[in-house]
There are 2 protein chains.
Amino acid sequence: MPGCVKILDAAESLFASHGVDGVSIREIAEAAGISKATVFHHFDSKEALYQAVVRRSCKGIVALVAQMAAREDGNPLASLADYRRHDLQETLAHADVVRLVLRELTLGRDDQARQLSEEVFGEHFVRLRRLIEKAQHAGELKTDVDAGLAAVSVVSINLFLFLVWPVLKHLPDTPFVRIEDAAESMFTLLLDGMARSGSVSGSQA
Amino acid sequence: MPGCVKILDAAESLFASHGVDGVSIREIAEAAGISKATVFHHFDSKEALYQAVVRRSCKGIVALVAQMAAREDGNPLASLADYRRHDLQETLAHADVVRLVLRELTLGRDDQARQLSEEVFGEHFVRLRRLIEKAQHAGELKTDVDAGLAAVSVVSINLFLFLVWPVLKHLPDTPFVRIEDAAESMFTLLLDGMARSGSVSGSQA
DNA sequence: TTGCCAGCTGACCGATCGGTCGGTATGGTT
DNA sequence: AACCATACCGACCGATCGGTCAGCTGGCAA
């Protein structure tokens, strides 16, 4: 069974950087240090292998999110900021996997999207929304803003920034130097619109 | 030369929905109603055809943006809202092309990203930033917010929402019904944080 | 009429694709 | 000892890949 993991590791990396159809089973087998026939011994087909990779990647993301959530302390707003910061950190650390999942979305397959929303983003989303609702009940955030909408806004900062960063950093007269700083600024901007009173964090420079 | 356009049209649609390596020249030729050899008569290779498709798609997007920008009237904030609304509209109308370009980003190829930032997003970004700076000078938006950062935030609303919509609409207890409404709400949320004074638009329900 | 050339085609090429098959090495059970 | 399941492999399969090429066509210039 350990050989199985080697195959998944190799496939994940290759699928992420070249797409499903951009990688052959031969290449995966070679990267895993085994023969092509062995790949088919463990997985019924290339499609089955790909689905297994996506599934494992999703579970990995969920695990990371849960691990992050365990850090919640008493201050909802600080937890929210922490949450977003660690989310970006994990996104960057596992860029291959995230790209793999993001590309899955660009195919516009509705069944895949449904599966993703149930297995990954659902938990992510619910957890984030609860955090925001907690901040609302604590009087730190405006209550007339839909918590679900706010949650998506927070996620969009990290994920979108991660996706378009290669473009952003080449933009004319760009104000961006580090993606972490850009995300922090966008988050502050968002919070300013949601805060119950005045400025929440030190955005003014 | 008109046959050339038929090829590009067919290729664009197929590349967008299946990826470069997910489509064969035979399929493209069949969709265009010509023979496979004719495709190679007009384009040196599959890669050249793909690059031509991407290039044309980018030019199309730029043209749409320029067309939108011509509508600017005296009110910067209203123009900004208009701009974003039409941008989403065009994104949805040309979903195939947008997906094609977005998938290009998930490959993380730096040279492609640089080309995209110069040929498409550069103009988009600059135009949007000027609009925001105009609103700042007119006293409608806070001046301590970086205009470039705000521009990216506005773009992220439409593009990210478009990308993850298939997932979002399946989320548990989702507050989203129409992507246009979700985008409008997120835009309002963002503006609330950037507005010089009080609420800008009728977000309170 | 002739020549020419772009547009287009069917037939074909070697390479590679996903996938199969027969067989081997290993290690645990009986 | 015989047996069996699992992991693994080299060799092979038909199909399809991107790409080539000789030749057909119709229109246009000389």
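Throughout, protein chains are lettered first and strands after them, A, B, ... in sequence-line order, and every chain is numbered starting at 1.
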d([atom1], [X]; [atom2], [N]) in whole Å:
| X | N | atom1 | atom2 | answer |
| --- | --- | --- | --- | --- |
| B:Phe15 | D:dG18 | CZ | P | 9 Å |
| B:Phe40 | C:dG7 | CZ | P | 17 Å |
| A:Asp21 | D:dG18 | CG | C1' | 15 Å |
| A:Phe43 | D:dC8 | CZ | C1' | 15 Å |
| B:Ile25 | D:dC17 | CD1 | P | 10 Å |
| A:His18 | C:dC17 | NE2 | P | 13 Å |
| A:Leu14 | C:dG18 | CG | P | 12 Å |

message = For B:Arg85, is there an ion pair with B:Glu184 - N to carboxylate O distance below 4.0 angstrom?
response =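 Looking at B:Arg85 together with B:Glu184, the answer is yes, because their closest N to O distance falls below 4.0 Å.
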task = Output all residues satisfying side chain to side chain donor-acceptor pair (under 3.5 Å) with B:Asp96, sequence neighbours left out; order by chain, then residue number.
result =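 Residues passing side chain to side chain donor-acceptor pair (under 3.5 Å) with B:Asp96: none at all.
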Results of side chain to side chain donor-acceptor pair (under 3.5 Å) for B:Thr38 - residues two or more places apart only =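 Side chain to side chain donor-acceptor pair (under 3.5 Å) check on B:Thr38 returns B:Ser35.
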message = D:dC8, OP1 or OP2 - any side-chain N/O from A:His42 closer than 4.0 Å?
response =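 Looking at the OP1 and OP2 atoms of D:dC8, one of them is under 4.0 Å from a side-chain N or O of A:His42.
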Identify the pairs formed between an N or O of the protein and an N or O of nucleotides 9-16 of chain C at a distance under 3.5 Å, and give each distance.
from  : atom 1 : to      : atom 2 : distance (Å)
C:dT9 : OP2    : B:Ser35 : N      : 2.7
C:dT9 : OP2    : B:Ser35 : OG     : 3.3
C:dT9 : OP2    : B:Thr38 : OG1    : 2.5

query = Quick one: salt bridge (charged side-chain N to carboxylate O under 4.0 Å, His left out) partners of A:Glu30, sequence neighbours excluded?
reply =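 With neighbours one apart ignored, the set is empty.
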query = Applying salt bridge (charged side-chain N to carboxylate O under 4.0 Å, His left out), which residue pairs with at least one partner in residues 56-70 of chain A are found, sequence neighbours left out?
reply =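 Sorted pair list: A:Asp9-A:Arg56, A:Glu12-A:Arg56.
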request  = Please tell me which of A:Glu27 and A:Asp44 maps to the more 5' nucleotide of DNA chain C, matching each residue to the nucleotide holding its nearest heavy atom.
outcome  =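 Taking each residue's closest nucleotide, the earlier one in sequence belongs to A:Glu27.
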ask   = Excluding sequence neighbours, so at least two apart, what forms side-chain contact (heavy atoms from CB on, under 4.5 Å) with A:Ala147?
value =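 Per chain and number, A:Ala147 pairs via side-chain contact (heavy atoms from CB on, under 4.5 Å) with A:Arg129, A:Ile132, A:Glu133, A:Gln136.
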